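Worksheet for the structure shown next.
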Amino acid sequence: MTNKRKIIIYWLLLLIPTTLIVGAAYQLILHEQERISKAALYSLSDRATTVSESIQITIADIESELTASLFKIPENALKETLIQWSETNPLVRNVFIWGKNDTVKLQYPVDGMESTGEERQFIKRYDALFSERIPWQADKNKSQDEFAGRQNEQESDKNKFIKKIGKLKTERRKLLDLAKVKSTPDNYAGGSSVTVNEIAFKKQSGWIPWFAENRLFILGWVQNKKDGPLFGIELELMTILSRLVTELPEINSKNSAYALLGANGQVLHQSGAFPVDSNRKPALTIPLSDLLPHWGICVYLNKKGDGTNKSFIYISCLLLAIFVIAIVAGGALLTIQAQRNLKDAIEKTSFVSSVSHELKTPLTSIRMYAELLQTGRIKKTEKINHYLSVIVTESQRLTRLVNNVLDFGRLEEGKKNYHPDNINLSALLTEIVNINRLRIEKTGLNLEVIIPDSKIQAFTDRDAIEQVVLNLVDNAIKYAVNGEKLILSLEESDPLFFQITIQDFGPGIPSGQTEKIFEKFHRVDNSLTSRQPGSGLGLSIARRILRDLNGDLLYEPGDKCGCRFIIKIRKNS
Ligand code: ADP
């Protein structure tokens, strides 16, 4: 199996379970978010229901108290007491007395000049009722005893609701006190003072929600005797609501609001994170029951359509994303590392084979010439000298090779030691040229040397500089013999560096590879290079040595052809 295939399989093994885990986790997160959203909505709905039930109970209680109070009014002081109520009690908007058997049914208020504008509107409003087009319907589901004993019977149940909404309790008490309307002592003195139990059987009463003038009104009535007058009051709903709504609980949630809406959808009270208007669609509506038809408590959610804080889903998705990134990044790092290791392994193998190949060439020459000399058959001094010079040159080459390999190891481990000293660069270069001139010129290259006569003093490692220069000269011999000329020069014009330039006129370095040639093991992939022995280490070692000595090795293409390698040696390093 190729490496590429292996890597693809490993990635699939990593990514498939990761994708499955992420998919399953995302589904769970969505499910959990939905559960949280629902729970939040239920809790909002609960609060709205509590508010609604409290309002219902309070209004029902007020109605009961008012009914009980109406029953208590003595017959002989009926009109005076009712008028007094309408003038003094904020719960009472209008009062009326209506006789079933009389010719003029509505005894009070009387339509015409005697009545006020409000009274005339009141008469007009309930015309259908007062003219008996609509029958008076008594509350059937309530026994009359209930009015008397109501406070005790269901108090515990009601209290549960009332307790839930704290401050509302006080306001409710105040309203109930108002509903317990007291007749004047005079009225009682002359009255029949009936007890609640006595009226239980014959009395009738009712509360009628009434829509008129685009508003809801509530009319309460009682009838003490079978043929007696019907009388009652019109409830001032706004008094009750204006007192209750100011005390309704506030909603502190960031994403929701609730509002008490009247019969026409007008917002009577609201609380929550954003303003509510009648155009907004509620998430749920809780009606306020038949006591206040078409009224309701509406719960609204923010525009994104979710009443809950979305931070849960955001944080969970962020954690999932971190998980995926960690897996992918880990996988990618492992793949990169594996590929690096593979490349290193390949490089090491090719390094060993190219070094062995490079060592073999000088060794073979040395052995061949040494064996020839050993036979003793070579008598001519000239020949003997030539053979000996070959052996010396090749063993020097061998030494340089071995030095390069050893240096590479030391440089890789950061263990190469330098011995900087004050050296005369002109003298060093002249010496190198003198030793190598013959070797260079034998290859067919014309060596041109430009070295100033003056002493050029630098503080650097002599052997290291010699090794770098010889590496570059060897390269020129290997790759640029057809250029026929090699120029070696020393300059001191740069303010910071002395420069040794080694310029040949060979094929040069292809433009895309001018920096790559300084990478370890890199060899230009062309026929010229493949014909020459080499390990791709010479230039990388040379640059690293010079950089260690605060200098550098640069490449510049020649003017027309060839290479120009510039050795930079720091002036006061
Ligand atoms: P080696 O010579 O052992 O292959 P080097 O690091 O010395 O390794 O050189 C790297 C590569 O740069 C060589 O393989 C060769 O392709 C190219 N190169 C170096 N010097 C020259 C030059 N003077 N002319 C042309 N190509 C060169």
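This one's a predicted model, so the numbers in the text were calculated from it and none came from an experiment. Numbering starts at 1 and runs along the sequence shown. Order of appearance sets the numbers: ligands from 1, and atoms from 1 within every ligand.
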Check your understanding: Which is it for Val524 and ligand 1 at heavy atoms under 4.0 Å: side chain, backbone, both or neither?
Key -> both

Study note, to complete from the structure: shortest atom 4 (O) of ligand 1-to-protein heavy-atom contact is with Arg523 NE, 2.5 Å

Review point. Taking the six-membered ring of Phe498, is the NZ or CZ of Lys571 close enough (under 6.0 Å from the centre) and on axis enough (within 45°)?
Key: yes

Point to revise | Within reach of ligand 1, part of Cys563 (heavy-atom separation under 4.0 Å) | key: side chain

Check your understanding: Are Arg543 and Glu515 ion-paired here, with the side-chain N under 4.0 Å from a carboxylate O?
Key -> yes

Practice item. Give a yes/no verdict on whether any heavy atom in His522 is under 4.0 Å from an atom of ligand 1. Key: yes

Point to revise | atom 6 (O) of ligand 1 - nearest protein heavy atom and its distance | key: Leu539 N, 2.8 Å

Point to revise | Protein heavy-atom partner closest to atom 23 (N) of ligand 1 - residue, atom, separation in Å | key: Asp504 OD2, 2.8 Å

Check your understanding: Among protein heavy atoms, which sits nearest to atom 13 (C) of ligand 1, and what does the distance come to when rounded to 0.1 Å?
Key -> Tyr479 OH, 3.5 Å

Check your understanding: Considering only protein heavy atoms, which is closest to atom 8 (O) of ligand 1, and at what distance to one decimal place?
Key -> Gly536 CA, 3.2 Å

**Study point:** Protein contact to atom 3 (O) of ligand 1 [nearest heavy atom, distance to 0.1 Å]
**Key:** Ser535 N, 2.9 Å

Review point. Where on Ile509 is there a heavy atom closer than 4.0 Å to ligand 1, on the side chain, on the backbone, on both, or on neither?
Key: side chain

Practice item. State whether a side-chain donor-acceptor pair under 3.5 Å links Glu53 with Thr49. Key: no

Point to revise | Protein heavy-atom partner closest to atom 16 (O) of ligand 1 - residue, atom, separation in Å | key: Thr529 OG1, 2.8 Å

Check your understanding: With a 4.0 Å heavy-atom cut-off (strictly under), which part of Leu537 contacts ligand 1: side chain, backbone, both or neither?
Key -> backbone

Review point. With a 4.0 Å cut-off, would you call Arg564 and Asp559 a salt bridge?
Key: yes

Exercise for review: With Lys416 as the cation and Tyr418 as the aromatic partner, state whether NZ or CZ is under 6.0 Å from the six-membered ring centre and within 45° of the axis.
Suggested key: yes

Review point. Is any side-chain N of the basic residue among Arg547 and Asp552 closer than 4.0 Å to the acidic one's carboxylate O?
Key: yes

Check your understanding: So is Gly538 polar-close to ligand 1, meaning N/O to N/O under 3.5 Å?
Key -> yes

Practice item. Would you please determine whether Gly508 falls within less than 4.0 Å of ligand 1 on a heavy-atom basis? Key: yes

Check your understanding: Which ligand 1 atoms does Lys478 reach within 4.0 Å, using its non-hydrogen atoms?
Key -> 1 (P), 2 (O), 3 (O)

Review point. Parallel under 30°, tilted from 30 to 60°, perpendicular over 60°: which one fits the rings of Phe521 and Phe351?
Key: perpendicular

Study note, to complete from the structure: atom 12 (O) of ligand 1: closest protein heavy atom, distance to 0.1 Å, is Ile517 CG2, 3.5 Å

Exercise for review: Is it possible for you to check whether Arg570 lies under 6.0 Å from the centre of the six-membered ring of Phe497, through NZ or CZ, and within 45° of that ring's axis?
Suggested key: yes

**Study point:** Check ion pair Lys516-Glu519 (N to O, under 4.0 angstrom)
**Key:** no

Practice item. Indicate yes or no: does Lys415 engage Glu413 in a salt bridge with an N to O separation below 4.0 Å. Key: yes

